[in-house]
Amino acid sequence: MVVMPRSLIGCSALRMDTGAVEPASTGAIWSTPSVEPRSISIGKQIFCNRSLNMRNITAVGFDMDYTLAQYKPETFEALAYHGTIEKLVKDLNYPEELLTWQFDWKYMVRGLVLDKKRGNILKMDRHKYVKVAYHGFREMSKEEKVAAYGSTLIRDSFDEPDYALIDTLFSLGEAYLFAQLVDFMDNNPAKVPSGTDYAHMYRDVRSAVDLCHRDGTLKRMVAKEPSRYINEDLAIVPMLQMLRKSGRSTFLVTNSLWDYTDVVMNYLCGPYMSDVSSSHNHKWLEYFDVVITGSSKPSFFHDDNRTGLFEVEPDSGKLLNADLQIGSPRSSQHQPKPIHKVYQGGNVGHLHRLLSVASSSQILYVGDHIYGDILRSKKVLGMCYSIYNVSTLAIATCC
Ligand SMILES: Nc1nc2c(ncn2[C@@H]2O[C@H](COP(=O)(O)O)[C@@H](O)[C@H]2O)c(=O)[nH]1
Ligand SMILES: [Mg+2]
């Protein structure tokens, strides 16, 4: 029997496995405590909002970061948090005392919304009614909430540019830092750079976080010691093997670039590979038919996306022009699969050709990002999409 990888089950499973005890003061404010004790651990429960006939699925694909690779928030998000503070202090003139701040990785959860202008953190229901609102770390009264967000009849869109959605686990650190900065500015207005308001602080945090992802602050550290930042998951390889044995193609589409993807996937598939010591061991590629790195999701899923596709030479990382046949694939029988399997860029049309699938409805894609991985693809293409680790729930499939 193949066990569902922990990475595809939900982050609460991950927390339980670490043995961490939830402090009463944190983590609970955004969620309703469960009334009954569960006899089955959350890591083994399966949730779904509709069924999917796997008989129609010929290719199953995965996102990498926070889908196959479950980062340890206590180390990975803390790294991002401290890296961001360093940039705020060194490059953007924030006071040095920020360097002593600590990050509570259990405090924020996905699904929250930041009100950039007012410095508030909101939890709302599906009708966009603000249920819980904090200004920094202070809970707002009902009167304050009504004054800011109106009565039940008037709804804001709660969207960009005035609001930011905390919709990936990558955003937990920046949401926490934003709340800290709001409190800090309220209490020490003279200590923040002049002309700064809440929205300005949010922009500073966002650009510092963005830089941490781009300049190697995070990826260099993960590459040095993957086990410190990523949970080992022994169920990933058997799951991929099971899918391939069933005759389905498997693929990876990630926004990470090749060098980092290779590090992370080597680590995740490492226990199943004979020689993980070699940095040029790309044995993990045998578990996939196609690997697309630097995919720039969500635009990867736009049907009008004209981003070029490159072949990646795995040993050197060199990019070569990819020579794919033009035209749409007609049927899976007539299209020989290309022999190269690592690519950068491209779009969903290239993916179809590489997999030799004629229709998006034959593809199941598993991702963690509700907008980047799921909504975009489903809305634009009608691809068969699946979310496995949405918040602490697990599986939602939609065709
Ligand atoms: N430049 C930025 N990159 C970011 C940010 N948040 C996450 N990331 C990077 O995106 C990919 C996600 O890959 P996927 O496998 O989930 O498609 C990974 O490399 C992250 O480091 C950001 O704010 N800015
Ligand atoms: Mg991801």
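Quick note: residue numbers are just sequence positions, from 1. Side-chain atoms are counted along with the backbone in the values below, which use heavy atoms only and exclude waters and symmetry mates.
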### Query
Does Y267 use its side chain to pair, donor to acceptor, with the backbone of I230 at less than 3.5 Å?
yes

### Query
Between Y71 and D65, is any side-chain donor less than 3.5 angstrom from a side-chain acceptor?
yes

### Query
Heavy-atom distance under 4.5 Å between the side chains of L88 and L181, does that happen here?
yes

### Task
Could you pull out the closest heavy-atom pair between G83 and T217, with the gap in Å?
CA-CG2, 4.2 Å

### Query
Any donor-acceptor pair under 3.5 Å linking the side chain of N347 with the backbone of N305?
yes

### Message
Salt bridge or not between K72 and E77? Use side-chain N to carboxylate O under 4.0 Å.
### Response
no

#### Entry: L252 vs M265 side-chain heavy atoms within contact, under 4.5 Å
yes

### Full working for side chain to side chain contact (heavy atoms under 4.5 Å, CB included) between Y365 and V253
CA-CA 9 Å; Y365 182 68; V253 175; 3.9 Å; yes

#### Entry: Side-chain touch Y149/D115, heavy atoms, less than 4.5 angstrom
yes

### Task
Using atom types as modelled and distance alone, determine if a side-chain donor or acceptor of D104 lies under 3.5 Å from a backbone N or O of K106.
yes

### Task
Please answer: with hydrophobic residues joined when any side-chain heavy atoms are less than 4.5 Å apart, are Y176 and L92 in the same cluster?
yes

### Task
Any chance you could lay out the side chain to side chain contact (heavy atoms under 4.5 Å, CB included) test for N56 and Q362, step after step, and finish with the verdict?
CA-CA 6 Å; N56 303 330; Q362 293 169 255; over 6 Å; no

### Query
Which pair of non-hydrogen atoms, one from A59 and one from L355, has the smallest distance, and what is that distance?
CB-CD1, 4.0 Å

### K116 and Y198, any side-chain heavy atoms less than 4.5 Å apart
no

### Task
Identify whether the distance between the nearest side-chain nitrogen and carboxylate oxygen of E139 and K145 falls below 4.0 Å.
no

### Task
Please round to the nearest 0.5 Å and tell me the distance separating atom CE of M108 and atom CZ of F103.
9.0 Å

### Message
Could you tell me if the side chain of V182 sits less than 4.5 Å from the side chain of R118, heavy atoms only?
### Response
no

### Task
State whether the side chain of N187 and the backbone N or O of D183 hold a donor-acceptor pair below 3.5 Å, judged by distance alone.
yes

### Query
Would you say the side-chain atoms of S207 pair up with the backbone N or O of D204, donor to acceptor, closer than 3.5 Å?
yes

### Query
In terms of hydrophobic clusters joined by side-chain contacts under 4.5 Å, are I292 and L320 together?
no

### Between S171 and E174, a side-chain donor and acceptor under 3.5 Å
no

### Separation between CG of L112 and CG of D167, rounded to the nearest 0.5 Å
11.0 Å

#### Entry: Connected via hydrophobic side-chain network under 4.5 Å: Y134 and L177
yes

## Note on the structure
Minimal heavy-atom distance between Y229 and V222, with the atoms involved, is CD1-CA, 3.7 Å

### Query
Does L211 share a hydrophobic cluster with L257, counting links as ILVMFWY side-chain heavy atoms below 4.5 Å and allowing steps through other members?
no

### Task
Report yes if the side chains of V192 and H200 come closer than 4.5 Å at any heavy-atom pair, otherwise no.
no

### Query
Is E144 reaching over with its side chain to a backbone N or O of S141, donor-acceptor style, under 3.5 angstrom?
yes

### Message
Under 6.0 Å between ring centres: does that hold for F170 and Y66?
### Response
yes

#### Entry: K297 backbone acceptor or donor facing N255 side chain under 3.5 Å
yes

### Task
Could you tell me whether the side chain of V264 reaches within less than 4.5 Å of the side chain of T261, counting heavy atoms only?
no

### Message
For a quick test of reading the model, state the closest non-hydrogen atom pair linking D63 to G367 and the distance between them.
### Response
CB-CA, 3.8 Å

### Query
What are the two closest heavy atoms between V109 and L172, and how far apart are they?
C-CD2, 3.9 Å

### Under 3.5 Å donor-acceptor, N266 side chain and D262 backbone
yes

### Residues F184, E97; criterion side chain to side chain contact (heavy atoms under 4.5 Å, CB included); working and verdict
CA-CA 11 Å; F184 183 73; E97 63 187 279; 3.5 Å; yes

### Task
Could you tell me whether a side-chain N or O of R244 sits under 3.5 Å from a main-chain N or O of S249, the two making a donor and an acceptor?
no

### Query
How about F158 and Y163: are their ring centres within less than 6.0 Å of each other?
yes

#### Entry: Donor-acceptor pair between Q180 and Y81 side chains, under 3.5 angstrom
yes

### Query
Can you tell me how far the CZ atom of F137 sits from the NE2 atom of H135, to the nearest 0.5 Å?
11.5 Å

### Task
Working to the nearest 0.5 Å, report the span between CE of M201 and OH of Y94.
6.0 Å

### Query
Among the clusters formed by ILVMFWY side chains lying less than 4.5 Å apart, do M221 and W105 turn up in the same one?
yes

### Query
Are a donor atom and an acceptor atom from the side chains of R248 and T58 found within less than 3.5 Å of each other?
no

### Query
Could you walk me through whether I363 and I57 pass the side chain to side chain contact (heavy atoms under 4.5 Å, CB included) check?
CA-CA 6 Å; I363 300 178; I57 301 296; over 6 Å; no

### Residues, nucleotides or ligands: over 12 heavy atoms within 6.0 Å of E160 CD
yes

### Message
Ignoring hydrogens and geometry beyond distance, is a side-chain donor-acceptor pair present between D315 and H282 at under 3.5 Å?
### Response
yes

### Query
Is there a donor-acceptor contact under 3.5 Å from the side chain of D125 to the main chain of Y129?
yes

#### Entry: From OG1 (T254) to CZ (F300), nearest 0.5 Å
11.0 Å

### Task
Supply the atom-to-atom distance S296 OG to F301 CZ, rounded to the nearest 0.5 angstrom.
11.0 Å

### Message
I need the minimum non-hydrogen distance between E86 and L99, along with the two atoms involved.
### Response
CG-CD2, 3.9 Å

### Query
Hey, are the side chains of T250 and D289 touching, using non-hydrogen atoms and a 4.5 Å cut-off?
yes

